[in-house]
Amino acid sequence: MKARLSGIVMAAAMVLPVQVLACHQLSQNVWMCAGDTPWEQAEWDPYGDGATLLLDDYALSFTEDFPGAEIRDVLTTLEEQFVTYAELTEADGNAPLEVNRQELITLDGVQAYRSLQRDKYDDSQTTSAVMLADVKAARIMLYLDGPPTLAWDRIDTASRDVLALLRASCADVATCAGPDTPLPPVD
């Protein structure tokens, strides 16, 4: 598992993945509503800590317990918190190899600060979108990693697609599933 995720095993253990066609529960407060998208077929990483979805050449890791999460208050912007996260990551020796673009993205119900970058973890290089997203009251860090030769426009599109699927619940057909998709039980 990636070095940046090693510190979140305990938090991830609290999340039990739901394997239902339309919905993936990413955390206690965030769902990925993937009905009728390629992410509907994503598989949970059987060797990880329960916080990674695999789809084709992509790995999507996520956590609400990321480095710097504790500094959040009502005045802390996504960009400010991302800068703190990046400084802590760099101090741990995990600075990106290259940053292509950083920007604030607003989609329906989701706002995210996103960094498109090339990373290296445990001698493996990736093209990545590191995204700190607000989904209603929850703030979650998402890491979408692809092959090291992946074109910037492809990781741009793939990461926007992931952000567009984030929801605060998977409670009904309007928030998550297609009309013929069974819904998971809501605890």
*Asks:* Hey, mind stepping through D161 and T37 against side chain to side chain contact (heavy atoms under 4.5 Å, CB included) and telling me if it holds?
*Replies:* CA-CA 9 Å; D161 290 347; T37 74; over 6 Å; no
*Asks:* Let me see the working for R139 and Q81 under side chain to side chain donor-acceptor pair (under 3.5 Å), right down to the final yes or no.
*Replies:* CA-CA 10 Å; R139 189 164 279 182; Q81 194 159 19; 2.5 Å; yes
*Asks:* Looking at every non-hydrogen atom in both residues, tell me the closest pair between T127 and P147 and how far apart they are.
*Replies:* OG1-O, 3.0 Å
*Asks:* In terms of hydrophobic clusters joined by side-chain contacts under 4.5 Å, are L132 and V99 together?
*Replies:* no
*Asks:* Quick one, S128 with Q117, criterion side chain to side chain donor-acceptor pair (under 3.5 Å). Give me CA distance, side-chain angles, the key distance, then yes/no.
*Replies:* CA-CA 5 Å; S128 304; Q117 57 194 47; 5.8 Å; no
*Asks:* Supply the atom-to-atom distance M131 CE to I140 CD1, rounded to the nearest 0.5 angstrom.
*Replies:*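 Rounded to the nearest 0.5 Å, the CE-CD1 separation comes to 10.0 Å.
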*Asks:* So which atom in A59 and which in L54 form the shortest heavy-atom distance, rounded to 0.1 Å?
*Replies:* CB-CD2, 3.8 Å
*Asks:* Show the numbers, then the answer: is there a side chain to side chain contact (heavy atoms under 4.5 Å, CB included) between I155 and Y58?
*Replies:* CA-CA 9 Å; I155 194 73; Y58 292 104; 4.0 Å; yes
*Asks:* Say you draw a straight line from CD1 of I105 to CG of L78; how long is it, rounded to the nearest 0.5 Å?
*Replies:* 11.0 Å
*Asks:* Measure SG to SG for C33 and C23 and state whether it is below 2.5 Å.
*Replies:* no
*Asks:* Measuring from L60:CG to W44:CH2, what's the distance to the nearest 0.5 Å?
*Replies:*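 Those atoms lie 8.5 Å apart.
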*Asks:* Given the rule in the side chain to side chain contact (heavy atoms under 4.5 Å, CB included) test, do T157 and R160 qualify, once you have shown the distances and angles that lead to the verdict?
*Replies:* CA-CA 5 Å; T157 300; R160 284 179 185 272; 5.9 Å; no
*Asks:* Can you measure from CD (E43) to CG (L55) and round to the nearest 0.5 angstrom?
*Replies:*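 E43 CD to L55 CG: 9.0 Å, rounded to 0.5 Å.
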*Asks:* Would a distance-only check, ignoring hydrogens and angles, find a side-chain to backbone donor-acceptor pair under 3.5 Å from T84 to E80?
*Replies:*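 Answer holds: yes.
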*Asks:* Does the side chain of N29 come under 3.5 Å of the side chain of E64 through a donor N or O and an acceptor N or O?
*Replies:* yes
*Asks:* Compare every heavy atom of V130 with every heavy atom of M141, then report the nearest pair and how far apart it is.
*Replies:*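 Closest approach of M141 to V130: SD-CG1, 3.8 Å.
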*Asks:* Hey, is the main chain of N94 close enough, under 3.5 Å, to the side chain of D92 for a donor-acceptor pair?
*Replies:* no
*Asks:* What is the minimum heavy-atom distance between H24 and A42, and which atoms define it?
*Replies:*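 Of all heavy-atom pairs spanning H24 and A42, the closest is CE1-O, 4.0 Å.
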*Asks:* Please report the closest heavy-atom contact between L142 and A133, naming both atoms and the distance.
*Replies:*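 Taking L142 first and A133 second, the nearest heavy atoms are CD1-CB, 4.0 Å.
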*Asks:* Go through W31 and L26 one step at a time and tell me if the side chain to side chain contact (heavy atoms under 4.5 Å, CB included) criterion holds.
*Replies:* CA-CA 5 Å; W31 291 81; L26 303 186; over 6 Å; no
*Asks:* Could you pull out the closest heavy-atom pair between V135 and A168, with the gap in Å?
*Replies:* CG1-N, 3.6 Å
*Asks:* Does atom CZ of R101 have more than 12 heavy-atom neighbours from other groups under 6.0 Å away?
*Replies:* yes
*Asks:* Counting only heavy atoms not in E90 (residues, nucleotides, ligands), do more than 12 fall under 6.0 Å from its CD?
*Replies:*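 No, because the 6.0 Å sphere around CD of E90 holds 12 heavy atoms or fewer from other groups.
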*Asks:* Is F62 reachable from L107 through a run of hydrophobic residues whose side-chain heavy atoms are each under 4.5 Å from the next?
*Replies:* yes
*Asks:* Do W152 and L144 share a hydrophobic cluster, counting only Ile, Leu, Val, Met, Phe, Trp and Tyr and linking them when any side-chain heavy atoms are less than 4.5 Å apart?
*Replies:* yes
*Asks:* Determine whether a donor-acceptor pair (N or O, by modelled atom type, separation under 3.5 Å) exists between the side chain of R118 and the backbone of P148.
*Replies:* yes
*Asks:* Aromatic rings Y85 and F66: how do their planes relate, parallel, tilted or perpendicular, breaks at 30° and 60°?
*Replies:*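 Perpendicular.
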